[in-house]
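Order of the sequence lines sets the chain letters (A, B, ...), proteins ahead of strands, with each chain counted from 1. Since the model is a prediction, treat every value here as computed from it, not as a measurement.
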Protein chains: 2
Amino acid sequence: MGTAKTDTRTRILDVAQDLIQRHGLNAMSFKDLSDAVGIRKASVHHHFATKAEMVRALLERYQVEFQQIVRKVLDSKVSGKTKLKRYCGLFLQTLEEGDQDKSCLCGMLVAELYSLDEPEAALVRKFFRSNIDSIQAILDEGAQDGSLSPGSSPDIVLAALEGGLLTARCDGGPERFSTIIRQLIKMLSA
Amino acid sequence: MGTAKTDTRTRILDVAQDLIQRHGLNAMSFKDLSDAVGIRKASVHHHFATKAEMVRALLERYQVEFQQIVRKVLDSKVSGKTKLKRYCGLFLQTLEEGDQDKSCLCGMLVAELYSLDEPEAALVRKFFRSNIDSIQAILDEGAQDGSLSPGSSPDIVLAALEGGLLTARCDGGPERFSTIIRQLIKMLSA
DNA sequence: GTCTATATAGAGATAGAC
DNA sequence: GTCTATCTCTATATAGAC
């Protein structure tokens with residue numbers, strides 16, 4: 001036994017993700033990272049030569065991790081409606097963490113899309129696309145099992161979740177976000 | 001006759017708002033403004049001593065202008081549902097302008113909320129609050145005249161619109177945003 | 001009201017020692 | 001892998017002439 005120390009690269013990514021989700025990409029500097037991790041700026045650059053490279057690593061990790069969690073929701077033996085609730089709950093969890101001011105990583109980056117180079121912008125789009133696919137699968141299943149009304153578009157679910165995070169963290173917090181989710185589920189129910 | 005020249009202060013505000021709606025606050029500099037307007041950085045500072053002061057002027061103007069347009073929608077002699085359509089159409093108009101990459105000013109600023117001082121952050125909150133009030137009024141009217149289903153919360157409308165702008169300008173554009181609006185109206189209809 | 005010039009601070013990034 | 005030191009660029013902001 002013994003607590004395995006998280007390697008520096010991972011700690012940098014963790015801090016970077018947290019800061020971007022709260023302050024945004026352009027409000028996060030290498031100095032912020034080096035201060036939080038406890039090493040020097042040059043040492044951060046040893047792990048990530050450029051900011052773009054770091055964002056890329058961040059987005060690739062985020063995509064994988066989020067998809068793994070989403071898969072668990074998709075694979076569970078529950079109704080489509082329950083899956084939709086759990087899926088929305090993933091976004092609520094983000095907002096409930098820490099100071100309740102964290103948004104979705106890609107929700108923040110899509111606002112600052114012009115600060116990204118094309119490879120990184122493409123990863124943001126990919127995140128949204130795979131989310132749309134997951135939501136569509138849930139909606140289809142709900143239409144099949146009769147828990148959700150058929151013919152709904154997944155776009156509004158993603159828009160409500162991303163927009164809900166941003167507006168709720170500004171005013172109302174997790175409670176406001178929960179209200180939004182509840183209303184959304186109600187409207188999509190059969 | 002003769003075209004009245006827009007004064008410099010207004011031209012600065014116009015360019016600043018456009019740049020923030022497309023690139024974000026932290027990706028917009030005084031140099032960007034001075035280049036676009038055709039004067040020097042120091043001259044921009046003559047009109048707005050600090051960036052915070054400029055953002056404040058921007059938000060105060062935005063609040064007034066947007067409320068004036070919303071008032072026209074609220075005062076028109078049409079059903080609640082039609083008013084809701086027109087209200088959502090205001091956000092669509094933003095996205096359709098220019099390169100179809102413009103989001104709501106406050107939608108951008110809420111992502112970069114920590115880059116604002118409290119007075120400016122309060123103005124962003126005020127914008128969202130007054131939007132919630134307007135939407136609530138429309139929903140109430142629609143419930144009264146039977147065009148919209150009663151008991152709906154305005155929060156999801158605002159979330160879908162703000163989130164819809166951000167996700168649609170990243171992928172799908174005005175068409176995607178229109179889909180979101182259509183779905184939203186359908187779900188809120190009686 | 002606009003200009004030139006400058007102050008100051010912070011950013012991302014690199015070189016090279018340990 | 002981390003450090004010190006430095007480079008270069010850009011940011012906000014100010015002083016003072018015209």
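Tyr62(B) and Phe127(B) have tilted rings, their planes meeting at an angle from 30° to 60° on a 0 to 90° scale. Classified by interplanar angle (parallel below 30°, tilted 30° to 60°, perpendicular above 60°), the ring pair His23(B)/Tyr114(A) is tilted.
If one axis is set at each end of the helix from dG1(C)-dC18(D) to dC18(C)-dG1(D) from five pairs, those axes are 0° apart, to 10°.
Residue Met54(A) is classed as having no contact, given no heavy-atom separation below 4.0 Å to the nucleic acid. Using a 4.0 Å heavy-atom criterion, one finds that Ser43(B) contacts the bases of the nucleic acid, with or without backbone contacts as well. Here Lys31(A) lies in heavy-atom contact (under 4.0 Å) with sugar-phosphate atoms only.
Residues Val64(B) and Gln68(B) have side chains in contact (heavy-atom distance under 4.5 Å, counting atoms from C-beta outward).
Arg176(A) contributes a side-chain N or O that, together with a main-chain N or O of Asp171(A), makes up a donor-acceptor pair within less than 3.5 Å. Formation of a donor-acceptor pair under 3.5 Å by the Gln136(A) side chain with backbone atoms of Pro154(A) is not found in this model.
When DNA chain C is scanned 5' to 3' for any atom under 4.0 Å from a heavy atom of chain A, the first and last hits are dA11(C) to dA15(C).
The distance from the CG atom of Asp133(B) to the CD atom of Gln67(B) is 8.5 Å, given to the nearest 0.5 Å.
In terms of position on DNA chain C, the residue among Lys41(B) and Lys41(A) whose nearest nucleotide sits closer to the 5' end is Lys41(B).
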Would Asn26(B) and Ser115(B) count as a side chain to side chain donor-acceptor pair (under 3.5 Å) here? Give the steps. CA-CA 8 Å; Asn26(B) 288 324; Ser115(B) 299; 2.9 Å; yes
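Partner of Asp155(B) under the side-chain contact (heavy atoms from CB on, under 4.5 Å) criterion, out of Thr167(A), Thr179(A), Leu184(A): Thr179(A) alone.
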